[in-house]
Amino acid sequence: MRIKLILNTVFAGIALATATFTAVNAQTPVTVKKNATTRHGPEKGSLIIIGGGGATPEIWKRFVQLAGGKEKAKIVVVTAAGGDSAAYDTKSVDLVKRETGIANVTLLHTNDLKEANSEKFVAPIRAATGVYIVGGRQWRIADSYLNTLTHQAFQELLDRGGVISGTSAGASIQGSFLWRGDTKGAHILVGDHTQGLGFLKNSVIDQHLFRRNRQFDLVEFVKNAPELIGIGLDEATSIVVQKDTLEVVGRSYASIYDYNTIIGSGAKHVQGSREVSTASNGPFFFLHEGQKYDLKERKVIEAPRKEPEALSGNRGR
């Protein structure tokens with residue numbers, strides 16, 4: 001009951017805050033598309049949401065591909081989550097250049113809403129094919145960009161087929177509900193900042209899943225907010241989202257928190273006498289690299305069955 005009251009208060013607060021902010025910043029309202037064909041993922045473009053702790057070569061490779069290839073890609077590195085010192089620190093730009101081979105990489109940093117609402121500031125995003133959001137504290141990203149011209153430019157990048165990637169705080173901020181967004185610390189799950197940038201609609205995203213023993217933290221929340229899909233990501237692990245298809249890329253696991261699974265009406269782990277690795281007897285289940293999930297239908301996409309190999313005696317003929 002307490003969580004339901006918190007959620008009702010939080011969602012009402014989000015609506016009020018958004019309406020108030022839009023009234024104050026009427027020159028740059030961020031519009032939500034009506035009649036969307038996707039339930040959670042972007043209509044166009046791609047998201048790469050990383051659980052922190054670094055990215056694997058395969059994650060970086062996918063980022064380069066979706067950004068248009070290293071020769072054509074134009075990347076903007078967003079560093080607001082790192083605090084004021086990030087404005088002068090080029091290590092995130094250097095990291096992207098080193099890991100991707102992309103030469104055209106620009107740093108973007110502000111904590112000033114007026115600057116975030118200026119055409120001069122968003123010009124690099126308008127020319128970009130990809131965005132990479134670094135880690136730190138997700139509430140700083142919200143304070144810098146939520147419902148601004150910059151926020152709108154991020155969405156327009158997706159609309160023209162670009163890619164937005166982010167790690168740790170840069171992962172959680174991509175959800176619609178902002179998890180661990182309190183200014184007092186990440187240990188507060190539902191805090192004083194609860195609105196994310198909403199690239200992944202109707203979602204709540206956690207990160208550093210196993211390293212920080214967070215795998216149960218989303219269960220009660222999603223149970224009381226069934227319209228949201230919960231996603232937990234271990235370190236060096238990502239989900240790549242295109243429309244409503246989610247694919248796991250990385251060395252560990254992503255966890256899925258769905259209302260039906262939590263209340264026990266989802267597919268069971270043992271069906272008949274056979275174990276089914278894509279189902280669960282518990283309140284969540286895991287997906288490993290290469291596995292896919294349908295966010296709209298909320299079910300695992302089964303990999304096509306491989307044809308049996310020819311008998312060894314026929315090989316080489």
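All values derive from a computational prediction rather than experimental measurement.
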Please find the pair of heavy atoms, one from [X] and one from [Y], that lie closest to each other, and give the distance.
| X | Y | result |
| --- | --- | --- |
| Ile141 | Ala169 | CD1-O, 4.0 Å |
| Ala254 | Ile239 | CB-CG2, 4.1 Å |
| Gln242 | Ser46 | NE2-OG, 2.9 Å |
| Asp143 | Leu113 | O-CD2, 3.3 Å |
| Asn147 | His151 | N-ND1, 2.9 Å |
| Ala267 | Gln271 | CB-NE2, 3.9 Å |

Can [Y] be reached from [X] by stepping across I, L, V, M, F, W or Y side chains whose heavy atoms are under 4.5 Å apart?
| X | Y | value |
| --- | --- | --- |
| Val241 | Leu197 | yes |
| Leu200 | Leu246 | yes |
| Val93 | Val76 | no |
| Val240 | Tyr253 | no |
| Val122 | Leu107 | no |

Taking [Y]'s backbone N and O only, do any of them form a donor-acceptor pair with [X]'s side chain (distance below 3.5 Å, no angle check)?
| X | Y | value |
| --- | --- | --- |
| Glu43 | Thr37 | yes |
| Ser144 | Thr110 | yes |
| Thr150 | Ala116 | yes |
| Lys201 | Gly41 | yes |
| Asp182 | Asp192 | yes |
| Ser176 | Asn202 | yes |
| Thr56 | Ile59 | yes |
| Thr100 | Val96 | yes |
| Ser265 | Asn260 | yes |
| Thr38 | Lys243 | no |

What do you reckon, is [atom1] of [X] surrounded by more than 12 foreign heavy atoms closer than 6.0 Å?
| X | atom1 | value |
| --- | --- | --- |
| Arg160 | CZ | yes |
| Lys61 | NZ | no |
| Tyr259 | OH | no |
| Phe121 | CZ | yes |
| Arg251 | CZ | no |

Check for me whether the distance between the ring centres of Phe221 and Phe177 falls short of 6.0 Å.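 Ring centroids of Phe221 and Phe177 are less than 6.0 Å from each other.
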Before giving the answer on side chain to side chain donor-acceptor pair (under 3.5 Å), spell out for Thr129 and Lys72 the whole-Å C-alpha distance, their side-chain angles and the decisive distance to 0.1 Å. CA-CA 8 Å; Thr129 62; Lys72 296 182 179 180; over 6 Å; no
Partner of Trp179 by side-chain hydrogen bond (donor to acceptor under 3.5 Å, both in side chains), out of Asp206, Thr194, Asp217: Asp206
Separation between CD1 (Ile75) and CD1 (Ile125), nearest 0.5 Å, reads 12.5 Å
Rounded to the nearest 0.5 Å, how far apart are CD of Gln174 and CD1 of Ile50?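 Answer for the CD-CD1 pair, Gln174 versus Ile50, is 8.5 Å.
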Can you tell if the side chain of Arg298 reaches within under 4.5 Å of the side chain of Tyr293, non-hydrogen atoms only?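 Heavy-atom side-chain distance check passes, below 4.5 Å.
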Taking atom types as modelled, is there a side-chain donor on Gln207 or Arg214 under 3.5 Å from an acceptor on the other? yes
Cut-off 3.5 Å, side chains only: do Ser203 and His40 have a donor facing an acceptor?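 There is no such pair between these side chains.
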Between Ser255 and Tyr257, is the side chain to side chain donor-acceptor pair (under 3.5 Å) condition met? List the steps. CA-CA 7 Å; Ser255 59; Tyr257 302 82; 3.1 Å; yes
Apply side chain to side chain donor-acceptor pair (under 3.5 Å) to residues Thr183 and His193 and explain how you reach the verdict. CA-CA 8 Å; Thr183 53; His193 287 62; 5.4 Å; no
Between Phe199 and Phe154, what is the ring plane arrangement, given parallel below 30°, perpendicular above 60°, and tilted in between? perpendicular
